[in-house]
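All remarks here apply to the structure that follows.
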Amino acid sequence: ITMCDSEDQCKLVLEKSFKLLSDTKDFSISNLQNELKKLMDDLNLKPKQVLGTLRIVITNQKISPPIFDCLNILEKEESLIRIQTAIDYL
């Protein structure tokens, strides 16, 4: 995972994203945008650090359709599996 400044930062981003997405009942694109933007603000991180990290974990690519769309298409369960796999790897 190369969008973070450190492995610890990656782990924090993934753990906080996992918790946020686990608690999210509305997996619509607009709600995912709002929730992840709040997370970026809460963590005081740049979009590439949060969204870029999620993009790599979810799609296995640095360039992809918008991450909110990818999460929505994969749906909650598959998205959480992919994030947890990355957390376990770290």
Side-chain angles (χ1 to χ4, degrees):
I1 302 170
T2 60
M3 297 308 230
C4 301
D5 295 334
S6 69
E7 188 176 306
D8 287 341
Q9 185 183 70
C10 280
K11 192 165 189 172
L12 175 69
V13 165
L14 293 173
E15 288 172 343
K16 295 287 186 180
S17 297
F18 185 91
K19 171 83 169 99
L20 174 93
L21 296 174
S22 292
D23 293 345
T24 299
K25 296 195 185 329
D26 178 1
F27 231 65
S28 68
I29 292 169
S30 61
N31 189 60
L32 290 169
Q33 286 174 325
N34 291 334
E35 293 295 329
L36 288 169
K37 284 181 182 178
K38 281 188 230 171
L39 178 64
M40 285 185 285
D41 291 341
D42 291 347
L43 296 177
N44 197 28
L45 294 174
K46 298 175 185 171
K48 82 168 194 169
Q49 293 168 306
V50 175
L51 304 180
T53 299
L54 284 174
R55 176 175 288 109
I56 291 170
V57 166
I58 296 298
T59 68
N60 201 28
Q61 298 179 30
K62 286 185 181 180
I63 300 171
S64 72
I67 187 59
F68 315 109
D69 295 39
C70 295
L71 291 165
N72 176 264
I73 289 166
L74 285 174
E75 298 181 342
K76 186 174 187 172
E77 185 178 348
E78 181 61 26
S79 296
L80 292 174
I81 288 169
R82 292 181 186 200
I83 295 169
Q84 186 61 57
T85 300
I87 292 169
D88 293 344
Y89 177 77
L90 291 173

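What you see is a predicted model, and the numbers here were worked out from it, not measured in a lab.
Of all heavy-atom pairs between Val50 and Val13, the closest is CA-CG1, 3.9 Å.
In this structure the side chain of Met40 reaches within 4.5 angstrom of the side chain of Leu51, judged on heavy atoms. When side chains are defined from C-beta on, Ser64 counts as touching Arg55, because their heavy atoms get closer than 4.5 Å. Side-chain contact check for Leu32 versus Leu21: some heavy-atom pair is nearer than 4.5 Å.
Applying the side-chain hydrogen bond (donor to acceptor under 3.5 Å, both in side chains) rule to pairs touching residues 67-80 yields Glu78-Arg82, sequence neighbours excluded. Residues in residues 8-22 take part in these salt bridge (charged side-chain N to carboxylate O under 4.0 Å, His left out) pairs, two or more places apart or across chains: Lys19-Asp23.
Placement of Ile81 and Phe68 in two distinct hydrophobic clusters is found when ILVMFWY residues are connected by side-chain heavy-atom separations under 4.5 Å, directly or transitively. Hydrophobic clustering of Ile, Leu, Val, Met, Phe, Trp and Tyr side chains at less than 4.5 Å, counting indirect connections, unites Leu39 with Leu90.
Surrounding CG of Asn44 are at most 12 heavy atoms belonging to other residues, nucleotides or ligands under 6.0 Å away.
Distance CD1/Ile58 to CD1/Ile56: 11.5 Å, rounded to 0.5 Å. The CD1 atom of Ile67 lies 11.0 Å from the CD1 atom of Ile29; values are rounded to the nearest 0.5 Å. The line from NZ of Lys48 to CE of Met3 is 6.5 Å long, rounded to the nearest 0.5 Å. Taken to the nearest 0.5 Å, the CG atom of Leu71 stands 11.5 Å off from the OG atom of Ser28. Glu35 contributes atom CD, which lies 11.5 Å from atom OG of Ser17 (distance to the nearest 0.5 angstrom).
Under the 3.5 Å distance criterion, the side-chain polar atoms of Thr59 are matched with a main-chain donor or acceptor of Gln61. For Asp26 (side chain) and Asn31 (main-chain N/O), no donor-acceptor pair under 3.5 Å exists by modelled atom type. Checking side-chain atoms of Thr24 against main-chain N and O of Phe27 turns up no donor-acceptor pair under 3.5 Å. The backbone N or O of Leu80 sits nowhere less than 3.5 Å from a side-chain atom of Gln84 that would complete a donor-acceptor pair.
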